[in-house]
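What you see below is based on every heavy atom in this structure, not just the backbone, and it leaves out hydrogens, waters and symmetry mates. Every number for a ligand or one of its atoms is a count from 1 in the order of the listing.
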Amino acid sequence: MNKVSFVPHSPQSLSSVGLVSMKVAVIGLGYLGATTAVALSLVGHDLIGIDPDQAKVDALRAGRVPFFEPGLDEALAQAQSTGRLAIQAEHTCTSADVDVFLLCVGTPQSRSGMGADLRYLESSIDDLAPYLRADAIVVGKSTVPVGTAEALKGRLATLVAFEPYLSWNPEFLREGTALKDTLTPDRIVIGVDEPHSEALLRQLYQPMADLDIPIVKVDSKTAELVKVAANSFLATKISFINAMAEISEQVGADAVLLAEAIGYDERIGNKFLKTGIGFGGGCLPKDIRAFQACAADLGLEQSVSFLAQVEDINMRRRTRVLDIAREELGDLTNRRVAMLGAAFKPETDDIRDSPAMAVAELLWAAGAHVVVHDPKAVDNVRRMYPNLTVADTLEEAVAHAELVVVGTEWRDYALADSAVLGHLAANKLVIDGRNVLPYRQWQANGWKVIALGRNLEHNPVEVLV
Ligand code: UGA
C-alpha cells in the first residue's frame with residue numbers, strides 16, 4: 001500500500017488528501033463491477049478489473065463502456081489516464097499484490113427455481129484462491145441469500161493454507177445514476193465479522209467517509225439481508241401505490257394525486273411512489289423472488305409471503321394495459337401498436353425484465369403488430385425480440401399506429417410534439433403507462449389519453465417532468 005495525495009478532477013469533487021492507496025481487484029465488470037472499478041480508481045486506489053468475457057475486456061481497454069450508463073465513458077477515460085486502472089480477462093501474478101478482492105459478479109435467478117444462482121461467485125473464489133495473500137481480504141458486493149458469505153468463506157478455506165478473510169459490502173447503485181451512487185452513496189454498509197476486514201474496508205472507503213457519508217458496520221449476515229431488504233422495500237412501495245392505482249381506476253379516483261398527498265407525510269415520503277406499469281430490471285424482480293426462496297429454505301416462507309403479492313400486483317399492471325387495449329380496440333389481431341420505450345427505466349439500455357417489453361410481448365401474443373422505439377435500447381430489442389418490429393425514430397413508430405403505449409418514462413416522450421404525432425397515427429389513442437405525458441396538450445391535439453391509475457377528467461393536474 002502506498003501513501004498518495006490525490007484530488008480527482010471529477011464533478012463529484014471527491015478529495016482524499018493523504019489517502020492510503022490500496023491495490024484492489026474487481027471481479028466481474030458488468031454495471032456494478034465496471035462502475036466500482038472506475039470509481040475506486042478515480043478516488044486514488046490502484047485497480048485491476050477482471051472479467052472472463054474477452055469482448056468486454058477489449059471494449060473497456062479501448063475506452064468503451066459496453067452498455068449505456070450516463071457519464072461512465074468519460075469517467076473510464078479519466079480513470080485510464082491516471083494509469084491506475086488495468087483491465088484483464090484473468091488473474092496474473094499482479095493479483096498476488098492485491099489487498100482487497102471485490103466480488104461483483106452476477107447472481108441471476110437460477111434456471112430451476114426462484115433462488116439465486118451462485119455459480120459465478122463460486123468460480124470467482126476458486127480463481128482468486130491461488131493468488132490470495134494471508135493478509136488480503138475478499139469482499140462480496142453482489143446481492144445474495146443470507147449465509148452466502150459464510151459458505152464462500154468455507155469454500156475458500158479449503159483452497160488456501162490459512163484462515164481467509166471474507167466479508168460482505170452490498171452495493172446500492174442504480175442504473176442510470178451508477179457513478180454518482182458509487183462515488184457519493186447515501187450510506188456504505190460493511191458486513192464484517194472480524195477487525196482486520198473492517199480496518200481495510202474503512203481504508204478503502206476513506207474518501208467517502210471524508211465526505212461524511214455514513215458507514216454502517218454490521219455483521220456479514222446482516223449485510224447480506226440489508227440489500228435484499230432494501231430492494232424488497234422499494235418493490236413493495238411501488239406495488240403499494242400500484243394497488244392504490246387499481247382501486248383508483250375502479251372507483252374513479254386518482255392514484256398520482258393520492259401519492260402526492262400521502263408523500264407529504266415525512267414518515268411515508270414521496271419517493272418511489274410513481275404509479276404505472278411497475279418495476280422491472282435486473283435487480284428488483286429477481287431479488288424479491290430469491291428472498292422468497294431463501295426464506296422458504298429457512299422454513300420462514302410466511303415472513304415474506306407478502307412479496308408474492310408484491311409481484312402479483314406488479315404483473316397485473318402489465319396485463320391491465322392489454323385489457324385497456326382490448327376495451328378500446330376490440331380484437332387486436334393485426335392492429336398496429338407503437339410501444340414507446342423498451343428499457344426498464346430511462347437513462348439505461350437495459351431491457352432485462354422490462355415492464356415495457358413485457359407489455360409489448362403481451363400485445364404481440366394477442367395478435368397485434370407491435371413497433372418498438374427506444375432512444376438507447378433498440379439494439380438489445382433487436383437481439384432479444386426478433387418477433388417485434390423496431391423503429392429507429394419515434395415518428396416511424398407512431399406512423400399508422402392505432403394505439404400508442406408509453407412504456408418507459410424517457411424525456412423524449414414527455415417532450416414529443418403530440419400534434420405532429422397525431423398527424424402520423426391512424427388513431428389518436430394513447431395509454432400512458434408511466435404517467436409522463438402532458439396530457440392536456442395531447443388532448444388539445446385530439447388524442448384520447450388513458451393514464452394508468454389516473455382520473456384525468458376530474459383531476460386536471462399535470463404530472464411535470
Ligand atoms: C435497484 C435499486 O434501486 C438499487 O438501490 C439497487 O442497488 C439495484 O436495484 C441493485 O440491486 O443492483 P435499479 O434496478 O437500477 O436499482 O432500478 P430502480 O431505480 O430501483 O427502478 C426499478 C424499477 O422500478 C424500474 O422499472 C422503474 O421504472 C420502477 N419504478 C421505480 C416505478 O415503477 N415507480 C417508482 O416510483 C420507482
Side-chain angles (χ1 to χ4, degrees), residues 28 30-36 67-70 104-109 116 140-144 169-182 185-189 224 226-245 255-256 258-260 262-263 268-291 310-311 313-318 320-321 341-359 374 377 406-410 413 432-436 452-453 463:
Y31 285 96
L32 167 59
T35 310
T36 302
F67 48 85
F68 173 67
E69 179 60 41
C104 295
V105 295
T107 49
Q109 186 172 341
K141 286 185 85 66
S142 318
T143 309
V144 290
N169 162 225
E171 178 58 54
F172 304 99
L173 67 81
R174 293 159 295 176
E175 290 179 27
T177 52
L179 197 60
K180 175 184 156 290
D181 290 349
T182 308
D186 295 339
R187 77 303 205 184
I188 291 170
V189 175
E224 291 165 332
V226 165
K227 177 61 193 277
V228 280
N231 277 1
S232 297
F233 194 83
L234 292 172
T236 304
K237 237 183 147 179
I238 298 168
S239 277
F240 176 84
I241 200 63
N242 281 334
M244 297 305 108
V256 168
L258 182 152
E260 185 189 344
I262 62 172
I268 296 172
N270 59 8
K271 302 229 172 77
F272 258 66
L273 283 180
K274 271 193 246 133
T275 177
I277 55 172
F279 60 83
C283 303
L284 263 47
K286 85 160 167 67
D287 289 353
I288 63 167
R289 288 177 205 135
F291 200 12
V310 166
E311 175 146 25
I313 294 165
N314 201 43
M315 293 300 155
R316 285 205 299 271
R317 290 283 79 191
R318 300 171 179 192
R320 174 78 182 127
V321 176
F344 81 99
K345 68 176 191 179
E347 301 305 328
T348 179
D349 61 359
D350 192 347
I351 60 169
R352 283 177 296 169
D353 219 328
S354 164
M357 292 316 299
V359 171
D374 190 280
V406 179
T408 312
E409 60 273 41
W410 286 101
Y413 304 146
D432 186 355
R434 291 296 189 179
N435 282 306
V436 283
L452 251 61
V463 178

Within reach of ligand 1, part of E171 (heavy-atom separation under 4.0 Å)
backbone
Residue, atom and distance of the protein heavy atom nearest atom 2 (C) of ligand 1 read N231 OD1, 3.6 Å
Under a 4.0 angstrom heavy-atom cut-off, which atoms of ligand 1 come close to L273?
36 (O)
Please evaluate residues Y31 and T348 with respect to the criterion side-chain contact (heavy atoms from CB on, under 4.5 Å), reporting the C-alpha separation (whole Å), side-chain torsions for both, the decisive distance (0.1 Å), and the verdict.
CA-CA 11 Å; Y31 285 96; T348 179; 3.6 Å; yes
As a quick check of understanding, evaluate side-chain contact (heavy atoms from CB on, under 4.5 Å) for I277 and R320, giving each step before the final call.
CA-CA 8 Å; I277 55 172; R320 174 78 182 127; over 6 Å; no
Restricting to heavy atoms, the pick from Y31, F272, F344, F172 nearest atom 25 (C) of ligand 1 would be F344
In terms of heavy-atom contacts, does CZ of F240 have more than 12 from other residues, nucleotides or ligands at under 6.0 Å?
no
Which is closest to atom 31 (C) of ligand 1 by heavy-atom distance: T177, D181, I238?
I238
More than 12 heavy atoms of other groups within 6.0 Å of K141 NZ:
yes
Return the closest protein heavy atom for atom 12 (O) of ligand 1 as residue, atom name and distance.
C283 SG, 3.0 Å
Measuring from the heavy atoms of G276, does anything fall under 4.0 Å of ligand 1?
no
Could R318 and D353 be called an ion pair, given the rule that one side-chain N must be under 4.0 Å from one carboxylate O?
yes
If you compare all heavy atoms of D181 against all heavy atoms of F172, which two are closest, and at what distance to 0.1 Å?
OD2-O, 4.4 Å
Are any of the side-chain nitrogens in E175 or K345 under 4.0 Å away from the carboxylate oxygens of its partner?
no
Kindly say whether G276 contributes a backbone atom to a donor-acceptor pair with the side chain of N242 at under 3.5 angstrom?
yes
K274 side chain vs N435 backbone, donor-acceptor pair below 3.5 Å
no
Atoms of ligand 1 less than 4.0 Å from L284 heavy atoms?
1 (C), 9 (O), 22 (C)
Could you list which atoms of ligand 1 come closer than 4.0 Å to a heavy atom of F279?
23 (C), 24 (O), 26 (O), 29 (C)
Applying a heavy-atom cut-off of 4.0 Å, say which part of L32 lies close to ligand 1: side chain, backbone, both or neither.
neither
So is T143 polar-close to ligand 1, meaning N/O to N/O under 3.5 Å?
no
Please list the nearest protein heavy atom to atom 8 (C) of ligand 1 with its residue and the distance rounded to 0.1 Å.
L173 O, 3.4 Å
So which of K274, R434, K271, K345 gets nearest to atom 19 (O) of ligand 1, if we judge by its closest heavy atom?
K345
Locate the shortest heavy-atom distance separating A259 from L273; write the atom from each residue and the value.
CB-O, 3.6 Å
Under 4.0 Å, heavy-atom basis, I'd like to know which part of L234 is in contact with ligand 1: side chain, backbone, both or neither.
side chain
Please list, in number order, the atoms of ligand 1 under 4.0 Å from a heavy atom of E175.
15 (O)
Is any N or O atom of R174, backbone or side chain, closer than 3.5 Å to an N or O atom of ligand 1?
no
